[in-house]
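In what follows, a structure is listed as structure tokens, so that the remarks can point back to it.
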Amino acid sequence: MKGLPILLFRAPVALSLLLWTAACEPDLRRTDEGTLAWRADAPGDEGPAVYFSTGAHTPGRLVATVAARGLERVGGFALRLRFDPGKWRFVEFRPASAWTRRPRSAAVARGDLVLLGIGVPAVTGGEDFPGSPVGTLVFELPEPAAAASLEFETKKSAVIDVHGAAIPGVSFHGGRLEAP
Amino acid sequence: MTTVGFGLLVLFLVAPGRAPGAPPAAGGPGPLRLELAKVVSESRLAAPPLIVEDGAVDLLRMRLEVELGDDGRTVDATAVLTVRTNASTGDAFYLWLDRGLAFRTAGAEGTSVRVETQEYPPFMYGVVGFSPRLEAGQTVDVTITYGGELACEPYGPREGRYCGGDGSLSYYLASGPFPLVMDFADPYGGLLYDLDLILRTPAGLDLLVAADPVSDVVDGDRRITVWRGPDYTSGMNLILLTGYIETIPVPGVTPPSRVQHPRGNADYAGLMAEWMPSIYGFLEDLAGGPFPFGQVTVFKLPIMAGFPGTATYGTVYLSDAYTTSSMQWFEEILAHEISHLWWGILAAPADLARTALTTEGLAITSQYEYIRRRYYPDLDRDWVLWSKFRNNQLLLWYLTDPETLPPILLPAGSTWPETLNEQVVWAYYKSSAFLDLLRVALGEDAFFTALRDYVVACVQGECTLDDVEDVFAQSARVAVAHLFDAFARESTYADLELGFVPCAPDADPCVSRVTLVKEVPVTLPVELVLEDADGVELHRGLVHLSALSEDFAFTTATRPARARVNPRQQIFYRVRSAAPGDVDFDGETDGFDWVAATLALGRRAVNDVENPGLYDVDLLFDTRLDLVVDGVVDEADLEVLRAGFGATGSGAAGFGATAGGAR
């Protein structure tokens with residue numbers, strides 16, 4: 001226990017030094033969690049779309065929910081998103097509970113891409129998405145968090161119908177973490 | 001005996017209610033000659049016969065005079081067989097008949113004839129020998145009389161029949177009222193002889209005989225007809241139909257041809273006559289000329305127990321059972337059966353006991369190609385043919401065990417596969433798949449030129465699979481021995497790993513890389529196709545994979561999205577992407593692969609698990625999704641895909657955080 005008085009003495013000093021340093025050397029890249037917010041690109045008024053319905057940024061963590069609308073008898077989603085692996089780390093994808101049949105999903109990060117597949121057997125008849133969640137992406141954000149975007153690679157993303165064909169005319173809308 | 005063709009043409013026929021596009025299947029008389037040859041072969045091994053000579057005779061001529069009673073069952077016959085010994089060690093042969101008949105007398109000038117009779121219900125056979133023995137090269141006329149009442153009983157597990165019917169239409173095959181001759185030393189061996197037949201039948205009945213007509217006279221209540229079959233082979237089954245028959249001529253074909261049907265049952269017969277000029281034209285192109293028969297008759301059989309049809313000398317018998325799915329299917333089967341006039345009748349292989357490559361294999365090849373040319377000439381050839389050959393793949397991979405199914409050329413001394421499924425898959429589907437493998441490897445022109453050369457070389461010849469190989473090699477002027485060795489003499493299934501790295505998105509020129517890896521030593525011809533995201537073909541070419549691993553670079557005008565192996569080769573090649581789970585072969589395992597597999601979850605290659613049959617395969621089953629090759633797309637396949645998720649075509653695994661997974 002001999003070290004305890006020293007620690008009690010030194011800790012406030014160290015904290016003061018840290019605060020002083022921060023105040024004197026502003027880092028333009030640094031953004032406080034309190035100053036960054038998730039913002040999704042809103043889909044247009046019409047047409048089938050895949051988009052982020054909600055997103056939440058908490059310390060060290062970003063949770064963004066992929067949703068879809070205007071889609072019926074969907075067999076699955078083959079999605080590919082681009083992100084900045086220097087700023088975020090992909091953790092997982094969780095299928096939404098809104099699916100009426102248990103979907104199977106797989107997701108992986110490869111470089112600056114998140115590859116995602118989620119679907120149901122054709123014999124189920126598929127799933128309708130009138131504007132309901134598909135699943136949630138979870139990223140770990142090293143402190144301090146930094147602004148970055150999460151965009152769909154539209155050429156490598158598709159909504160697949162229950163017969164295995166890509167549904168035409170689907171638009172994809174990403175999102176970003178940015179200062180409000 | 002000389003080895004000139006072989007026995008009963010093995011024609012299986014479809015069962016009623018076939019699905020459109022489904023193939024012919026066993027259900028008819030079956031390879032009766034082979035079955036009976038097996039009987040006498042095994043009986044010789046089990047118990048040496050009284051006549052111990054190792055027989056070896058050539059049957060030069062068979063003169064038959066057969067009287068058929070008004071009851072359609074009573075037979076009184078005389079057979080004069082001209083035989084010549086061709087070995088110094090023996091001179092015996094077998095004669096098979098219905099067991100309701102009995103040998104009455106047997107004689108020959110200058111020697112006595114012994115007939116040892118054995119029963120093999122519903123047949124009986126005589127072992128015919130001479131005392132004193134004949135000398136090598138000696139020719140003798142053996143006169144044998146026989147008669148009795150035909151039993152016409154079913155035989156075998158499929159209850160085939162060699163005679164039957166009713167008063168309005170009856171049928172009689174060799175081994176019923178007509179003797180089926182086999183060599184004593186080599187029951188599987190072939191025959192080539194002249195046939196002369198005199199029939200005495202009820203005057204009121206029409207006849208159809210598998211031979212050329214010579215004369216036709218009515219004498220009281222008897223109709224006396226004379227028939228001749230020059231160059232008859234043991235691949236030709238002497239078949240007689242009696243009854244009330246009507247005829248529709250087929251105009252504009254060579255030789256003169258007709259469709260016949262039972263009186264009052266003309267359904268579809270007119271269609272058959274309409275199709276036949278197209279079929280003849282196709283087969284003339286395939287074989288290089290018209291059928292060398294005096295005439296050809298296609299008989300539309302009613303659905304009859306035990307006899308759905310067959311083909312023989314100038315005659316094709318096709319059952320109404322084929323009409324129950326679609327007319328295109330019926331036409332396809334008609335093409336199959338008529339093609340047998342070449343593949344098995346005129347060109348009767350000498351090694352039919354060991355292979356069906358040039359009988360059923362070529363007949364399947366013919367029916368697929370006929371339908372393609374007639375109905376889909378403007379569609380992608382591979383797509384059309386693969387829509388047919390995928391059935392071959394499914395049957396081979398999943399209805400049978402390809403690892404245990406025997407090679408296309410059976411090892412010497414072995415017999416055809418035992419079970420119906422194995423027999424049909426081996427004879428029809430594995431054989432035709434190999435021919436298609438050759439076709440892809442040789443190219444269209446070389447393959448079809450080789451077929452015509454085969455006809456020239458092997459009609460009334462003594463061709464074996466070795467000869468077929470020689471014909472193809474000489475005709476195409478490329479080496480094919482390694483393919484025959486690996487895929488016909490042995491059962492090779494080559495695992496092939498395909499790595500694909502497309503050029504960079506903006507690369508100019510766009511040079512993409514394909515890496516092929518195999519484990520088998522044989523050089524594999526592999527047709528590679530590079531295509532864009534819309535399936536537009538950017539490159540197609542044959543490479544010859546000799547090393548275990550080779551890289552190939554391809555320059556294309558635009559960036560390819562995927563590289564794949566011609567699916568027609570994927571019956572013998574099991575192709576996997578270097579990216580595990582990359583089922584669409586775009587070089588990476590991603591959401592598209594995942595969704596494709598997920599959609600197919602629960603799908604089975606063979607739907608009837610308990611009692612799988614030839615018609616139980618799911619023609620939409622995608623073998624690419626069956627990553628563990630167990631005949632069902634299930635969680636095990638998803639696990640393979642999950643493990644490879646994110647992998648790229650270079651084989652490199654994905655990196656970074658991995659997560660997700662099934663809930």
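All values below come from the heavy atoms of this structure, side chains included, with hydrogens, waters and symmetry mates left out. What you are looking at is a predicted structure, and each value in this text was computed from that prediction instead of being measured. Throughout, a chain's letter reflects where its sequence line sits, starting with A, and its residues are numbered from 1.
Annotation: maximal heavy-atom pairing with chain B below 4.5 Å, among I118(A), V123(A), V114(A), occurs at I118(A). With chain A as the partner, the residue from V595(B), L601(B), D593(B), L599(B) showing the most heavy-atom pairs under 4.5 Å is L599(B). With chain B as partner, the option from A158(A), G164(A), G117(A) having the largest number of non-hydrogen pairs under 4.5 angstrom is G117(A).
Neither the backbone nor the side chain of T124(A) comes within contact range of chain B; no heavy atom of the residue lies under 4.5 Å from a heavy atom of that chain. Looking at K156(A), both its backbone and its side chain come within 4.5 Å of chain B, counting heavy atoms on both sides. L116(A) touches chain B through its backbone: at least one of N, CA, C or O sits under 4.5 Å from a heavy atom, while the side chain does not.
Counting heavy atoms from C-beta outward, E588(B) and L113(A) have side chains that stay 4.5 Å or more apart. Residues R110(A) and T648(B) meet the side-chain proximity criterion, which asks for heavy atoms closer than 4.5 Å.
One distance of note links CG of L79(A) with CZ of F592(B); it measures 8.5 Å at 0.5 Å rounding.
Annotation for G646(B) and L115(A): closest pair CA-CD2, 4.0 Å, computed over non-hydrogen atoms. A78(A) approaches G591(B) most closely through the heavy-atom pair CB-C, 3.4 Å.
Taking a cutoff of 4.0 Å between a charged side-chain nitrogen and a carboxylate oxygen, R104(A) and E639(B) do not qualify as a salt bridge.
Atom CZ of R69(A) has more than 12 neighbouring heavy atoms from other residues, nucleotides or ligands inside a 6.0 Å radius. Heavy atoms of other residues, nucleotides or ligands lying less than 6.0 angstrom from CD of E72(A) number 12 at most.
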